[in-house]
Amino acid sequence: MINRNRLFSGGLIDRNILIKFKFNGKPLQGYQGDTLASALLANDIHLVGRSFKYHRPRGILTSGSEEPNALVQLGKGAETEPNARATEIELYDGLEASSQNCWPSVNHDIGALNNLFSRILPAGFYYKTFMWPPSMWMFYEYFIRRAAGLGEAPKEKNPSRYEQKFFYCDVTVVGAGVNGLTAALTAARAGASVLLVDEKPELGGYLLNAKSRINNLDTKKWIKDTVKELMALENVTVLNRTAATGYYDYNYVTALQKITNHLPNSLSKQPRERFWRIRSKEVILAQGAFERPLVFSGNDRPGIMMASSAQTYVNQYGVLPGNAVTLFTNNDHAYSVAVDLISKGAKVIIVDIRSNISEKIRKLCEQNKIETYISHAVIKTDGSKKISSITVQELSEDKQSFVGEAVTIGTDLLLMSGGWNPAVQLFSQSRGKLKYDDQISSFIPDVLVDNQAVIGSNNGDFNLKQSLMSSYEAGLGAAHRTGNKQEVENFINDANEPIEFITAEVVPYVLGSKPVTHGSKHFIDFQNDVTAADIFLAQREGYVSVEHTKRYTTTGMATDQGKTSNVNALALMSHIQQKPVGDVGHTTFRPPYVPQTFGAIAGRNVDQYFDPQRLTAIHEWHIDNGAVFEDVGQWKRPYFYPKKVETMTEAVNRECIAARASVGILDASTLGKIDIQGPDAAKFLNLIYTNAWSKLEIGACRYGLMCNEHGMVFDDGVTTRLGENHYHMTTTTGGAARVMSWLEEFLQTEWLDMKVYCTSVTEQWTVLSICGPNSRKLLASLTEDDISNEELPYMRMKEAKVCGVDARIFRISFTGELSFEINVSARYGRYVWDKVIEAGKKFNITPYGTETMHVLRAEKGFIIVGQDTDGSATPSDLNMDWIVSKKKEDFLGKRSFLRPDTAKNGRKQLVGLLINDKKTVVPEGSHIVEEVSKQPPMKMEGHITSSYFSPTLGHPIAMAMLKNGKARNGDLVKIPLMNGKVVEATVTENVFYDKAGARQND
Amino acid sequence: MFVIKCPYCGERDQTEFSCHGESHIARPENPNEVGDVEWGKYLFFRSNPKGMHYERWTHDHGCRRWFNVQRHTVTDKIMQTYKMGQPKPKGIND
């Protein structure tokens, strides 16, 4: 046999397939079917890692997803996975894993010095010690985080692919133990579509390892037959290696399926994991129960393990983790483990804390020659990197004191059995209510939510035959409620277990050789290093509520979410507070049930798929012509077009000057466009915009401001009347969707009788905006229609053919120049653009981006909603009273202009600023202060909203929202900068260039 | 995550919808005749009950229609959905 602790036969491993792997660099061997934990135990490696806080040596405690100790760093480089549970990692050829939280090695760990100082490192230590002075926290934190910790996250980008799947079915069964299998098969036979998920590779659950019988068959055989039938049914989906991670409203269950994690090096084309989003009409929870540790002194050494897990290692993996075994128990169940171990050649001693054991158990011990210490406790354990001996002493009747002498017994494996905790996490997430059950001393489901069932030990039901009957009923009920009414005969005739778990006698903590609060280490939460003493401390210091105790001590807050520790912590709190556990309560269970990969939650929504990108029809041209892009909402817009050696400033200056001197061209396709039709369209626009729309002629354009009901500006744009009942509205690029929803909201919820239809046409049109003194000449060379100032004056629209393509030409201007916005069908957008560029060459046509657009409009004092406004500015605040109708009865926002706060004096108002030094471009967002002092705080009276160098004017210009700004023309204001300098500026009106508007009207 | 029955499309996942707060808050017919207190109530005051709540939802990634939802804020159970313009149903726990 290649492994020291491997049995010659038995288990579900394949002894013909040898697997090579490395742990901490050491080459080792295991078999197909092993987990990393079983292979390590087979190689007699118990020391796997160091604990979180005290760096104590830790081994393998369990055999499942509840494992708190055996966390390893799996793999290397970009694919490395921290905090992987060795008990869940399936062994594959070439696997490499290493211990975490130790330096230089797990055997010689410097951090273990923490253990020597553990008396001064109790719960709350960091809060109490490192909070002063506050400025030093950042410094302390660095060292604390280094000293206490888990694995390391990869620094590279995750190379794996993750998928997601939405799934709908009648019945979802979580857990494929014998009860889950029974419920799933019953529901399936009744005709329901069934999804069965189980986190293990092998279906069957715990009874794969036990010597029980169902229908007079060995359970393994019964499981095999049942799984076979389920797999063959077309209405059943079976997912192994799939952990249900969350259970939300309306039977929405999420599950993480591991697809290639167990395969050597992911050369596979398959995704690594798939995240399932399951919506099912009925959910049946059959997740089983976790065995509970006992709280005694030194209960955390390597070589101390849960009894049921040892049974799993023996029966499923053919590994006997120790030869001189001691079982420490408070219930009958452990005795069946003892029998299994003895049959494999181990020597077993049982220490039972109970005062009496039943006649049946006594006989079993006699038959199997098990040495028992009844009414005894393990009070001390020894051994440095693995357990070597224990000390046992008899307890008094009330378990509060010792009787007799302490005995030391050599042992190389100590098993704990403290009873069972139903895995109620998912049930509780679904808002099911729990109650404390005195018989099993744990929480069980009490009040179910709709369309749900909990079965088997998950429901606190540990009698095999009885629970299988209930599972049949649950499966049938779920099928019937989802309309699947086929008759299904009860196929469970008989079932029995050699020894049942009936009741556990809970002792909140076992007396040790030292008092529990003085230096002994009775661990409750292994992963977060929380001891019984910490729970005592929290109660003493007033953190008596369960939520406070949890946060103060951090019990149950590690990556295992307290699966093995929570109930023990509650039992101890109950003992200290002298009230029933049910009254202590429990903390809220939250998803995920087991750690869940971020990559799987994101699925394919990464990189360019994280958020949709919207591209105009001209996008490729922009790329070819060296555009630097800017994100505006989801749109990619050209920011500026630098020539080879140009800086951004140089490029923008050149673009600005070209646009004012000859012709500039802007891709304005991203502007929001809404087609509005219907007999009530004018009436509707009158209510939506602040100005009047009734008299707008067909073919005329008008600028409008929209306010919300608070009277605050929230979008602007030009709307054109195309026909009697037909309008074309434009909005800001970023506000398009918001405006569309706003229009629909009022049409659908307030003015239901209005006949108006709104359609988003943003992407249907390509908009080429050409501006500059030569723009008319350029356009005239591309159209045969008359576009003279008489035929197409400022703020008019004309339908014409441009380059032979149907177009709407709008004479509107955002730059203050003579300007034409040519709208053509997006299908012809690029064609027309190319023609315009070609024809424009003789005018030195210059493409410009959003930055130049911003500079040009700022020179004209045009606002950008969302930059110069922030949702707290009225039209009046923006110096735009001219656009607010005095005559209209009503429009959205009007009434709020009269609210005292909106109408008061001294509001922030839009002003222009001229920087006195004529060279500093003040950063946008800078504060204007009343008086400059050496240090903040300074009394703020406004802020800069727009700030640029104006190439046209040759000096910087800025706009600002300034307290009482309208009345402060000519005032000097002070703007302190981050670098300590103070800039002085003069308040002016916000139109800096061509105040009369001669250029655009030309 | 809820399953919501759109009155126009039928049952869909919550991800297709968005919620827009309390329903049945009518915009005053003549805002000019309404005093500041009443206008303030229309703008800012919502009932925020522990129990039955009547709220507006839109089926954004579907028919884009607005409709009403009667939901219990403690259990998150949706009692019914109904079209805009229909009167507020009488709930047991109002």
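Each chain gets a letter, A, B and so on, in the order its sequence line appears, and its residues count up from 1. The analysis underlying the following values was restricted to heavy atoms, covering all of them including side chains, and did not include hydrogens, waters or symmetry mates. None of these values were measured; they are calculated from a predicted model.
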Notebook entry, point to check: How about B/Tyr42 and A/Glu709: does a side-chain donor come under 3.5 Å of a side-chain acceptor?
Noted result: yes

Notebook entry, point to check: Among A/Tyr248, A/Tyr250, A/Phe166, who wins on heavy-atom pairs under 4.5 Å with chain B?
Noted result: A/Tyr250

Margin query: Return the CZ to CG distance between B/Arg27 and A/Leu892, rounded to the nearest 0.5 Å.
Written below: 5.0 Å

Item checked: Members of residues 29-37 of chain B whose heavy atoms come closer than 4.5 Å to chain A -> B/Pro31, B/Asn32, B/Val34, B/Gly35, B/Asp36

Margin query: Below 4.5 Å, heavy-atom pairs only: which of A/Leu898, A/Thr749, A/Asn251, A/Val449 has the largest tally toward chain B?
Written below: A/Thr749

Checklist line | Pairing of A/Glu744 and B/Arg65 as salt bridge, 4.0 angstrom limit | finding: no

Notebook entry, point to check: Does A/Ser741 reach the side chain of B/Thr58, with side-chain heavy atoms less than 4.5 Å apart?
Noted result: no

Notebook entry, point to check: Do other residues, nucleotides or ligands put more than 12 heavy atoms under 6.0 Å from A/Lys887 NZ?
Noted result: no

Notebook entry, point to check: A/Phe746 versus chain B, heavy atoms under 4.5 Å apart: side chain, backbone, both or neither?
Noted result: side chain

Item checked: B/Lys5 NZ: over 12 foreign heavy atoms closer than 6.0 Å -> no

Item checked: Segment of B/Arg56 engaging chain A (4.5 angstrom heavy-atom cut-off) -> side chain

Margin query: With a 4.5 angstrom heavy-atom cut-off, is it the side chain or the backbone of A/Tyr247 that approaches chain B, or both, or neither?
Written below: neither

Item checked: Over 12 foreign heavy atoms within 6.0 Å of OH, A/Tyr609 -> no

Item checked: Short N-O contact, B/Lys77 and A/Asp450, less than 4.0 angstrom -> yes

Margin query: Under 4.5 Å from any heavy atom of chain A, what part of B/Trp66 do you find: side chain, backbone, both or neither?
Written below: both

Check: For A/Glu750, does the CD atom have more than 12 heavy-atom neighbours from other residues, nucleotides or ligands under 6.0 Å away?
Finding: yes

Margin query: Does B/Tyr8, at its OH atom, have more than 12 non-hydrogen atoms belonging to other residues, nucleotides or ligands within less than 6.0 Å?
Written below: yes

Margin query: Which heavy atom of A/Asp249 sits nearest to which heavy atom of B/Asp76, and what is that distance?
Written below: OD2-OD2, 3.9 Å

Notebook entry, point to check: Given a strict heavy-atom distance threshold of 4.5 Å, which part of A/Gln748 is in contact with chain B: side chain, backbone, both, or neither?
Noted result: both

Notebook entry, point to check: Does A/Arg277 pair with B/Asp13 as a salt bridge, N-O distance under 4.0 Å?
Noted result: no

Item checked: Interchain contact, A/Arg899 with chain B, by part (heavy-atom threshold 4.5 Å) -> both

Notebook entry, point to check: Just wondering, more than 12 heavy atoms not from A/Asn905 lying within 6.0 Å of its CG?
Noted result: no

Margin query: Can you tell me which portion of A/Leu747 sits under 4.5 Å from chain B's heavy atoms? Options are side chain, backbone, both or neither.
Written below: neither

Margin query: Let's test your reading of the structure: which of A/Arg279, A/Arg431, A/His710 forms the most heavy-atom pairs below 4.5 Å with chain B?
Written below: A/Arg279

Note to self: A quick test of your reading: do over 12 heavy atoms of other residues, nucleotides or ligands sit less than 6.0 Å from CZ of B/Phe44?
What the structure shows: yes

Item checked: chain A contact via B/Ile4 - side chain, backbone, both or neither, heavy atoms under 4.5 Å -> neither

